[in-house]
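Shown next, in structure tokens, is the structure this report addresses.
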Amino acid sequence: MTTQQSTMVLPPKTDNPTQTLEDRRFYTALSGADYLKLEQECLQRNTKPYNLTKIVLTLFIKGDLVNLNELPDDAAIKIRAFLQQKQQARGELQIKEIEGG
């Protein structure tokens, strides 16, 4: 008997989001500023905050979400540089390190 594993993947960002913020009944412990960032990320990925949070937490629990602070320095530096370049190209904010992470 074979078992199928469902793979959780972040939805890709799009330059033409179609979702609106109609359904905003998602409660979280995020600060207002961070919740706004969550909503913006969801708009870019055409998903809702609940779905994006579910995907990220599932990836974290399964060990598929990489914490840059746990990587060797050379790998973390290359990944940060790549992400910063990608964000700059899209006109987004710079990566910010999470304190205590």
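In this chain, numbering begins with 1 at the start of the sequence shown.
- To the nearest 0.5 angstrom, T58 atom OG1 is 10.0 Å from D64 atom CG.
- Qualifying side-chain contact (heavy atoms from CB on, under 4.5 Å) partners for L57, counting only residues two or more places apart in sequence or in other chains: T53.
- Residue D73 qualifies as open at atom CG: its count of foreign heavy atoms under 6.0 Å is 12 or below.
- Atom NZ of K78 and atom CG of L71 lie 12.0 Å apart (nearest 0.5 Å).
- A continuous path of Ile, Leu, Val, Met, Phe, Trp and Tyr side chains, each step under 4.5 Å between heavy atoms, connects I55 with F60, placing both in one hydrophobic cluster.
- Among all heavy-atom pairs drawn from E39 and P49, the shortest one is CG-CG, 4.5 Å.
- Summarising the geometry, atom CD belonging to E41 is positioned 4.5 Å from atom CZ belonging to R45; distances are rounded to the nearest 0.5 Å.
- Residues I77 and F82 do not share a hydrophobic cluster, clusters being chains of Ile/Leu/Val/Met/Phe/Trp/Tyr side chains in contact below 4.5 Å.
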